[in-house]
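Data first, discussion second: the structure below is written as structure tokens.
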Amino acid sequence: IIVTGVIMSIFTGSCLCGSVNYKSNSDPLVIQNCHCDQCRKATGSVYLTNLFIKEENFEITGEVNNYTHLSDAGNKMTKYFCPKCGSQIFGKNSGRPGITTIRAGTVNEKEIIKPIRNLFMKSKVPSTPLDNSLEACEGMPLN
């Protein structure tokens with residue numbers, strides 16, 4: 001959205017301590033919950049909700065550190081986090097060039113977080129309550 005030459009953010013967010021802030025000037029392409037073992041361990045929660053946006057629409061301020069590992073499919077997964085408070089803020093996947101995944105827990109405008117599906121149901125924590133209206137995938141869908 002452009003108003004008098006200024007790019008307005010659609011949504012914003014930050015880490016826990018506020019040292020890292022970001023904004024996106026576009027709506028998410030898709031929002032998904034991931035129940036894979038790697039996402040669970042990286043977040044310390046029973047699943048991770050990601051907002052997928054085009055990298056070109058993402059602006060970050062503040063210093064971040066990162067950690068890279070390989071996914072089950074062999075893609076490089078890089079997780080970016082605040083070096084002060086440890087909040088995981090966003091990630092990148094070599095299998096999805098040009099896409100940034102924002103961690104939903106860091107988003108200020110909570111009303112935009114509307115996931116459409118649950119991924120990696122085969123590794124879901126059995127006691128996790130689910131929204132049964134969402135699509136459920138045993139692994140990663142093809143599209």
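Basis for what follows: all heavy atoms, side chains included, without hydrogens, waters or symmetry-related copies. FYI, the numbering just counts along the sequence from 1.
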Discussion item. Do Leu48 and Ile99 sit in one hydrophobic cluster, given that two such residues count as connected whenever their side-chain heavy atoms are within less than 4.5 Å of each other, even indirectly?
Written reply: no
Fill in: Heavy-atom pair of closest approach, residues Pro115 and Leu134
O-CD2, 3.0 Å
Practice prompt. For Gln88, check side chain to side chain donor-acceptor pair (under 3.5 Å) against everything at least two apart and list the hits.
Written response: Arg103
Worksheet item: Distance from Lys84 atom NZ to Cys17 atom SG, nearest 0.5 Å?
Response: 6.0 Å
Worksheet entry | Non-neighbouring partners of Phe81 that pass ring pair (Phe, Tyr, Trp, His ring centres under 6.0 Å), sequence neighbours left out | none
Worksheet entry | Minimum side-chain heavy-atom gap Thr101-Asn93 below 4.5 Å | no
Worksheet entry | Within-4.5 Å side-chain heavy-atom neighbours: Gln38 and Asp72 | yes
Item to complete: Find out if a path of hydrophobic residues (ILVMFWY) with successive side-chain heavy-atom gaps under 4.5 Å connects Ile10 to Phe52.
Response: no
Worksheet entry | Contact summary for Cys85 and Cys82, nearest pair of heavy atoms | N-SG, 3.5 Å
Worksheet item: Quick one: do the Thr12 and Asn108 side chains pair a donor with an acceptor below 3.5 Å?
Response: yes
Discussion item. Taking the side chain as everything from C-beta on, heavy atoms only, tell me whether His69 gets closer than 4.5 Å to Lys79.
Written reply: yes
Discussion item. Please enumerate all residues that pass side chain to side chain contact (heavy atoms under 4.5 Å, CB included) together with Leu70, with sequence neighbours excluded.
Written reply: Lys76
Worksheet item: Can you tell me how far the CD1 atom of Ile102 sits from the CD1 atom of Ile113, to the nearest 0.5 Å?
Response: 11.0 Å
Discussion item. When you compare the side chain of Gln32 with that of Thr49, does any pair of heavy atoms fall below 4.5 Å?
Written reply: no
Worksheet item: Do the non-hydrogen side-chain atoms of Val125 and Arg40 ever get within less than 4.5 Å of each other?
Response: yes
Discussion item. Nearest 0.5 angstrom please: Asn57 CG to Thr100 OG1, how far?
Written reply: 9.0 Å
Fill in: Over 12 non-hydrogen atoms of neighbours within 6.0 angstrom of CG in Leu16
no
Worksheet item: Which atoms form the tightest heavy-atom contact between Cys36 and Ser123, and what is the distance?
Response: CA-OG, 3.4 Å
Fill in: Which atom of Pro28 lies closest to which atom of Ile112, heavy atoms considered
CG-CD1, 4.4 Å
Discussion item. Any non-hydrogen side-chain atom of Ile116 less than 4.5 Å from a side-chain atom of Val30?
Written reply: yes
Discussion item. Test side-chain contact (heavy atoms from CB on, under 4.5 Å) on Leu130 and His35; report intermediate values, then the result.
Written reply: CA-CA 11 Å; Leu130 294 176; His35 297 264; 3.8 Å; yes
Discussion item. Using only atom types and a distance under 3.5 Å, with no angle test, would you say the side chain of Thr78 pairs donor to acceptor with the backbone of Lys92?
Written reply: no
Worksheet, complete the sentence: Quick note, ring-ring contact (aromatic ring centres under 6.0 Å, His included) partners involving residues 82-127, not counting sequence neighbours, are Phe58-Phe90, Tyr80-Phe90
Worksheet item: Can you name the residues that form a side chain to side chain donor-acceptor pair (under 3.5 Å) with Asn21, not counting sequence neighbours?
Response: none
Worksheet entry | For Glu138, all residues meeting side chain to side chain donor-acceptor pair (under 3.5 Å), sequence neighbours excluded | none
Worksheet entry | Within one Ile-Leu-Val-Met-Phe-Trp-Tyr cluster: Phe11 and Ile89, side-chain cutoff 4.5 Å | yes
Worksheet item: Any chain of hydrophobic side-chain contacts (each under 4.5 Å) joining Leu51 to Val64?
Response: yes
